[in-house]
Amino acid sequence: MSAPAGLSSTTISAPVLRSWQRKALAQYLAEQPRDFLAVATPGAGKTTFALRVAAELLAERVVAAVTVVTPTDHLKTQWAHVAARMGLQLDPTFRNVAGATSPDFAGIVVTYAQVGADPSVHRRRTRARPTLVILDELHHAGDSRSWGDGTRVAFEDATRRLALTGTPFRSDTNPIPFVRYEREESGLTRSRADSVYGYADALADGVVRPVLFLAYSGQMRWRTSAGEELSARLGEPLTTDATNHAWRTALDPRGDWMRQVLRSADARLSVLRSAGMHDAAGLVIATDRAYARAYAGLLADLTGQSPVVVLSDDAGASSKITEFAESDRRWLVAVRMVSEGVDIPRLAVGVYATSVQTPLYFAQAVGRFVRMRTAGETASVFLPSVPQLLELAAALEVERDHVLERPAREELFDEALLAAANAEQNEPDELEQFAALEASAQLDQLIYDGASFGTAAAAGTQDEQDYLGLPGLLTPDQVSLLLSKRQREQLAAANKQTPPAGVPPVETDAPLSSLFEQRSKLRRQLNALVGAAHHRTGRPHGSIHAQLRAECGGPPSPQATIEQLTQRIVAIRSW
């Protein structure tokens with residue numbers, strides 16, 4: 001019997017699958033489900049798994065056609081290229097108005113927007129022949145009502161549906177089509193995946209890179225729309241408005257914070273390139289077009305090479321990404337376009353220069369840097385030292401599901417910030433009234449595997465260079481050992497300086513002017529460590545604080561002395 005149209009007879013024997021892919025494939029073929037949800041961390045190989053399933057079903061005549069649905073136009077072409085390498089021919093140029101494609105192809109690749117624009121076209125195609133529908137990053141079917149409803153209408157009669165996602169959670173409560181939800185004893189209705197392969201599993205298997213988060217704080221000064229000048233240290237306990245203003249001040253391309261962080265990120269990129277990742281590249285994720293162009297100008301000044309700038313609504317954006325992926329260029333600056341699914345394996349350094357803080361967006365952004373090529377590669381992501389991002393960084397390995405009931409208060413806060421971040425581009429009057437006046441950068445801490453390392457170090461100092469110069473080729477265990485060693489060396493050097501009587505050494509690169517500032521800094525460090533421990537263990541923050549008080553003694557943190565706070569920091573870092 002000849003192979004089905006668009007399918008090479010040699011496809012089934014290649015490529016070699018990873019262990020999680022083999023396990024998921026065996027489960028799929030044994031159960032033969034109509035609907036199957038595979039959750040796998042970015043870089044783990046969801047595309048290869050899905051195409052292998054497609055090849056098996058086509059070869060066994062279970063289906064006669066394949067439809068792949070992706071979030072973006074760029075991913076359509078990417079899917080078609082990967083499929084062709086596996087011997088499966090898919091048409092990424094399909095248009096709704098045509099309604100059909102050449103019989104040379106085994107199927108088509110479309111976007112959720114295409115499906116939502118005219119679901120009847122895809123409904124007819126799906127009914128005409130037994131069809132496998134692959135829904136890539138399925139959570140996008142809830143991005144707008146037309147996308148979700150269109151996906152449901154178009155593919156409710158499909159013979160098989162295979163859903164893929166690296167981030168199976170949303171900040172809203174819109175149900176995702178073709179996902180199974182189960183009621184828990186707690187009363188929450190939660191999504192259930194058929195196969196799960198999280199970041200922690202992939203890291204243990206050597207499938208993805210370990211990610212080092214370098215969090216930068218610094219002193220910020222700005223003028224409000226009312227003409228009032230304010231200042232604060234980025235990352236210290238502040239009101240919501242003050243945190244957002246300090247954050248915005250840091251990201252202003254006219255201030256020193258972005259210039260200093262970009263210089264440090266480029267230095268880290270040079271280390272990776274000289275240490276074995278010869279084509280390593282960096283990505284700056286910007287909030288809007290104006291900032292993206294301004295950051296590109298800063299990078300050109302710092303490196304002597306103009307970066308590639310990709311804006312989501314520019315003609316040719318997809319081709320720019322492809323050209324960059326295949327080139328040796330150092331830096332790419334993008335707004336939203338380089339998000340989930342875009343495959344640029346040489347990206348190894350990131351600068352998170354946006355105010356968006358939803359878990360979904362953050363996970364998608366970090367996913368651009370974890371794709372492993374050879375053993376020992378590491379990734380480094382530079383970000384503002386604000387509590388929201390530090391918690392997301394510490395919780396990188398936490399698996400999430402989609403909950404239909406209204407999320408907790410902090411999730412509502414995330415949605416409000418996402419809406420505000422998008423709205424900022426459409427409020428020029430407010431932007432003109434707000435003015436960032438001054439911003440400096442300081443390496444606050446490194447977050448790896450849910451734990452915090454390092455002491456404060458001003459940009460450009462030797463202490464900062466000690467961390468920027470970490471070898472680029474390390475196993476996960478080596479990363480932890482080396483970070484711990486560097487931290488001990490810093491603390492030992494700080495302890496050689498004789499502190500005032502009764503006051504322990506304070507982790508800082510410059511003298512602090514008051515005990516209040518010292519306490520504020522130590523409380524911020526302690527809260528960050530407690531947050532990391534919470535995400536690593538699932539224990540409530542209050543329980544962790546209580547254990548530290550039991551071990552070290554003293555009152556709650558607001559009333560604790562500098563010595564007591566220091567002892568608690570040392571204790572939690574030893575856990």
So which heavy atom on [X] is nearest to which on [Y], and how close?
X	Y	result
Ala154	Val115	CB-CG1, 3.7 Å
Ala193	Val39	CB-CG2, 3.6 Å
Val333	Ala292	CG1-O, 3.4 Å
Val66	Ala54	CG2-CB, 4.1 Å
Pro130	Val62	CB-O, 3.8 Å
Pro119	Gly116	CD-O, 3.6 Å

Any heavy-atom pair between the side chains of [Y] and [X] that's under 4.5 Å?
X	Y	value
Leu203	Val208	yes
Phe213	Val366	yes
Phe178	Val133	no
Gln78	Val109	no
Thr322	Glu326	yes
Val356	Thr287	no
Glu323	Val308	no
Ser19	Asp205	yes

Spacing of [atom1] belonging to [X] relative to [atom2] belonging to [Y], to within rounding of 0.5 Å:
X	Y	atom1	atom2	value
Arg124	Asp118	CZ	CG	6.5 Å
Leu383	Thr354	CG	OG1	12.0 Å
Arg368	Leu283	CZ	CG	9.5 Å
Thr67	Ile108	OG1	CD1	4.5 Å
Leu347	Leu269	CG	CG	10.0 Å
Thr159	Leu57	OG1	CG	9.5 Å

Looking at [Y], is its backbone amide N or carbonyl O close enough to the side chain of [X] to form a donor-acceptor pair, meaning the two atoms are under 3.5 Å apart?
X	Y	answer
Tyr295	Leu251	yes
Arg268	Val381	no
Gln114	Thr111	yes
Arg161	Leu135	no
Glu137	Pro71	no

Test ring-ring contact (aromatic ring centres under 6.0 Å, His included) applied to [X] - qualifying residues, sequence neighbours left out:
X	result
Phe324	none
Phe369	none
Phe36	Tyr28

Test Leu25 against Leu17 for side-chain contact (heavy atoms from CB on, under 4.5 Å), laying out the working first. CA-CA 9 Å; Leu25 179 63; Leu17 299 182; 3.7 Å; yes
Test Phe382 against Val349 for side-chain contact (heavy atoms from CB on, under 4.5 Å), laying out the working first. CA-CA 8 Å; Phe382 293 69; Val349 175; 3.9 Å; yes
Quiz: residues 79-91 side-chain donor-acceptor pairs under 3.5 angstrom, not counting sequence neighbours:
unit_1: Trp79; atom_1: NE1; unit_2: Asp136; atom_2: OD2; d: 2.9
unit_1: Asp91; atom_1: OD1; unit_2: Thr93; atom_2: N; d: 2.9
unit_1: Asp91; atom_1: OD1; unit_2: Thr93; atom_2: OG1; d: 2.5
unit_1: Asp91; atom_1: OD2; unit_2: Thr101; atom_2: OG1; d: 2.5

Under the rule for salt bridge (Lys or Arg N to Asp or Glu O under 4.0 Å), what residues qualify as partners of Arg373, not counting sequence neighbours?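 For Arg373 the salt bridge (Lys or Arg N to Asp or Glu O under 4.0 Å) partners, ignoring immediate neighbours, are Asp279, Glu377.
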Under the rule for salt bridge (Lys or Arg N to Asp or Glu O under 4.0 Å), what residues qualify as partners of Asp157, not counting sequence neighbours?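 Listed in chain order: Arg123, Arg127.
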Can you pull out every salt bridge (charged side-chain N to carboxylate O under 4.0 Å, His left out) where at least one residue sits in residues 66-81? Sequence neighbours excluded, please.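 Salt bridge (charged side-chain N to carboxylate O under 4.0 Å, His left out) check on residues 66-81 returns Asp73-Lys76.
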So, do Phe362 and Tyr352 have ring centers that fall under 6.0 Å from each other?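 Yes: the rings meet the under 6.0 Å criterion.
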List in chain and number order the residues that pass side-chain hydrogen bond (donor to acceptor under 3.5 Å, both in side chains) with Gln32, two or more places apart in sequence or in another chain; answer none if no residue qualifies.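 Gln32 satisfies side-chain hydrogen bond (donor to acceptor under 3.5 Å, both in side chains) with Arg160 once adjacent residues are dropped.
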Just grab all the ring-ring contact (aromatic ring centres under 6.0 Å, His included) pairs involving [range], residues at least two apart or on different chains.
range	value
residues 94-122	Phe94-His122
residues 50-69	none
residues 42-71	Trp20-Phe49

Test Tyr448 against Thr378 for side-chain contact (heavy atoms from CB on, under 4.5 Å), laying out the working first. CA-CA 11 Å; Tyr448 174 69; Thr378 61; over 6 Å; no
One pair to check against side-chain contact (heavy atoms from CB on, under 4.5 Å): Val284 and Tyr291. What are the steps and the verdict? CA-CA 10 Å; Val284 180; Tyr291 274 33; over 6 Å; no
Only one of Leu162, Leu164, Val196, Thr165 forms a side-chain contact (heavy atoms from CB on, under 4.5 Å) with Leu37, so which one is it?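 Of the listed options, the one satisfying the test is Thr165.
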Does Glu60, at its CD atom, have more than 12 non-hydrogen atoms belonging to other residues, nucleotides or ligands within less than 6.0 Å?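 Result for CD/Glu60: open.
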Hey, could you give me each pair passing side chain to side chain donor-acceptor pair (under 3.5 Å) that has a residue in residues 38-47? Not counting sequence neighbours.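 Residue pairs passing side chain to side chain donor-acceptor pair (under 3.5 Å), neighbours aside: none found.
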Cut-off 3.5 Å, side chains only: do Arg209 and Ser380 have a donor facing an acceptor?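 Not at all, the side chains of Arg209 and Ser380 share no donor-acceptor pair under 3.5 Å.
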